[in-house]
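A short worksheet on the structure shown next.
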Amino acid sequence: SSVAGPGNRTVTNEAVTTRAPGGYSRNATTTGPNNNSVNRSSQGQWNPATKTWSNTTTYTGPQGNSADVNRSTTIAK
């Protein structure tokens with residue numbers, strides 16, 4: 001999808017999400033003015049034995065710098 005902002009600058013987001021048994025993967029690219037883009041790659045998985053949802057996301061910026069975010073949530077009941 002694309003959105004036009006002030007000065008007729010356009011931002012475009014393209015994403016693909018794939019479901020898998022017990023989880024998912026998602027890759028998205030957002031491209032802004034001057035063709036600068038940010039990539040987001042995310043995977044999530046449910047572990048029924050431990051009742052834990054785990055998610056890992058990697059963000060990569062226009063200059064190639066990246067950051068990882070890891071989260072997990074455990075259900076107590």
Side-chain angles (χ1 to χ4, degrees):
S1 65
S2 294
V3 176
N8 209 23
R9 295 180 182 177
T10 303
V11 174
T12 302
N13 185 56
E14 296 181 23
V16 175
T17 303
T18 304
R19 289 183 149 207
Y24 76 96
S25 65
R26 181 170 202 243
N27 293 303
T29 300
T30 302
T31 304
N34 302 321
N35 286 326
N36 289 322
S37 63
V38 175
N39 297 307
R40 179 180 186 260
S41 176
S42 181
Q43 297 82 38
Q45 190 69 35
W46 171 251
N47 182 331
T50 62
K51 297 183 181 177
T52 302
W53 173 258
S54 300
N55 171 275
T56 300
T57 304
T58 300
Y59 299 91
T60 305
Q63 279 73 44
N65 298 332
S66 65
D68 294 324
V69 178
N70 298 301
R71 294 178 284 251
S72 67
T73 302
T74 301
I75 306 299
K77 287 188 175 185

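These figures come from a predicted structure and were not determined experimentally.
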Going from NZ on Lys51 to OG1 on Thr74, what distance comes out if it is rounded to the nearest 0.5 angstrom?
11.0 Å

Positive for side chain to side chain donor-acceptor pair (under 3.5 Å) with Asn39, one of Thr29, Thr60, Asn27
Thr29

The side chain to side chain donor-acceptor pair (under 3.5 Å) partner of Ser42 among Thr17, Thr57, Thr56 is Thr57

Non-hydrogen atoms of [X] and [Y] that approach each other most closely:
| X | Y | value |
| --- | --- | --- |
| Gln45 | Pro21 | NE2-O, 3.5 Å |
| Ser2 | Thr12 | OG-OG1, 3.0 Å |
| Val69 | Tyr59 | CG2-CE1, 3.9 Å |
| Tyr24 | Asn55 | OH-ND2, 2.5 Å |

Checking Arg26 against Arg40 for the side chain to side chain contact (heavy atoms under 4.5 Å, CB included) test, could you report, in this order, the C-alpha distance in whole Å, the side-chain angles of both residues, the deciding distance, and whether it holds?
CA-CA 8 Å; Arg26 181 170 202 243; Arg40 179 180 186 260; 3.7 Å; yes

Considering residues, nucleotides and ligands other than Asn34, do more than 12 of their heavy atoms fall under 6.0 Å from its CG?
no

Within 6.0 angstrom of Asn35 CG, more than 12 heavy atoms from elsewhere:
no

For a quick check under 3.5 Å, do Asn13 and Ser1 share a side-chain donor-acceptor pair by atom type?
no

For the residue pair Thr52 and Asn47, confirm or rule out a side-chain donor-acceptor distance under 3.5 Å.
no

